[in-house]
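Remarks on the structure that follows.
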Amino acid sequence: MNLITQLQGVGYSFVCGLIFTFCYHLTGFYIFKIKYCILRLTLQVVAGIVFAGGYYSGLLIINDGILRLYFLMMFVFGYIVYQNFFSEKCYGVIVGIDKSISLLLLPIKIVFCKINGIIKHTKKVIRWRKQESEKRSSQ
């Protein structure tokens, strides 16, 4: 492997360490809201597999998928740099992304709330008519 390919691999590993840590924090922002532990762990494992597949596919394009120890060290270094320098600054970005997603999903949420209200009202009417028919039959 020539020097240019090695430098591209090292740079790619560092940038992937930064980007994947940001993406993991972004997905973790939503994953940790899930109450069920098994589903949360499954989603974290799936996210890890997707990130690893993305990293390896990039290495496959750069240097035919050869993975060296210093590539992994640069990936971990990118993770450490993100955690120490960028995590506090990127939290505002994550909250902004969450607000924009919430605004985009607001019409869907309103529709589901209306449907939920209709179902609750229908259940009340059914209970009321059932109680009314029980009173008539008991008299």
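Throughout, numbering of the chain's residues begins at 1 and tracks the sequence. In what follows, every heavy atom counts, from backbone to side chain, and hydrogens, waters and symmetry copies are set aside.
When the shell of 6.0 Å around CZ of Phe112 is examined, it contains 12 or fewer heavy atoms from other residues, nucleotides or ligands. No more than 12 heavy-atom neighbours from other residues, nucleotides or ligands sit within 6.0 angstrom of NZ on Lys99.
Residues Phe85 and Met74 share a hydrophobic cluster, clusters being chains of Ile/Leu/Val/Met/Phe/Trp/Tyr side chains in contact below 4.5 Å. Leu60 and Leu67 fall into different hydrophobic clusters, where Ile, Leu, Val, Met, Phe, Trp and Tyr are joined by side-chain heavy atoms under 4.5 Å apart, directly or via other members. The same ILVMFWY cluster, assembled from side-chain heavy atoms under 4.5 Å apart, contains both Tyr82 and Phe29. Met73 and Ile19 fall into different hydrophobic clusters, where Ile, Leu, Val, Met, Phe, Trp and Tyr are joined by side-chain heavy atoms under 4.5 Å apart, directly or via other members. Put simply, Phe20 and Ile31 are part of two different groups of oily side chains (I, L, V, M, F, W, Y) that touch within less than 4.5 Å, one to the next.
For the atom pair CG of Asp98 and CG of Leu103, the computed distance is 9.5 Å after rounding to the nearest 0.5 Å. If you take NZ on Lys109 and NZ on Lys114, they are separated by 14.0 Å, rounding to the nearest 0.5 Å. Rounded to the nearest 0.5 angstrom, Ile62 CD1 and Ile4 CD1 are separated by 12.5 Å. Interatomic distance, Thr21 OG1 to Tyr79 OH, rounded to the nearest 0.5 Å: 6.5 Å. To the nearest 0.5 Å, the span separating OG on Ser13 from CG on Leu18 amounts to 11.0 Å.
Cys16 is not listed as a side-chain neighbour of Phe51, based on a closest heavy-atom distance of 4.5 Å or more. Within the 4.5 Å cutoff, no side-chain heavy atoms of Tyr30 are placed close to those of Leu43. Two residues are said to be in side-chain contact when any heavy atoms from C-beta on lie closer than 4.5 Å; Ile38 and Thr42 meet this criterion. Looking at heavy atoms from C-beta onward, Phe22 lies in side-chain contact with Val93 at the 4.5 angstrom threshold. A heavy-atom distance below 4.5 Å is found between the side chains of Gln44 and Leu41.
What you find for Gly65 and Tyr56 is that their closest heavy atoms are O-CE1, 3.3 Å. Here the closest non-hydrogen pair linking Tyr12 and Leu59 is CE2-N, 3.7 Å. The two atoms that bring His25 and Ile94 nearest to each other are CB-CD1, 3.8 Å, heavy atoms only.
Paired with Lys120 under the rule side chain to side chain contact (heavy atoms under 4.5 Å, CB included), one option of Ile118, Thr122, Asn116 passes, and it is Asn116. Put simply, the residue from Phe77, Phe71, Tyr70 that forms a ring-ring contact (aromatic ring centres under 6.0 Å, His included) with Phe14 is Phe77.
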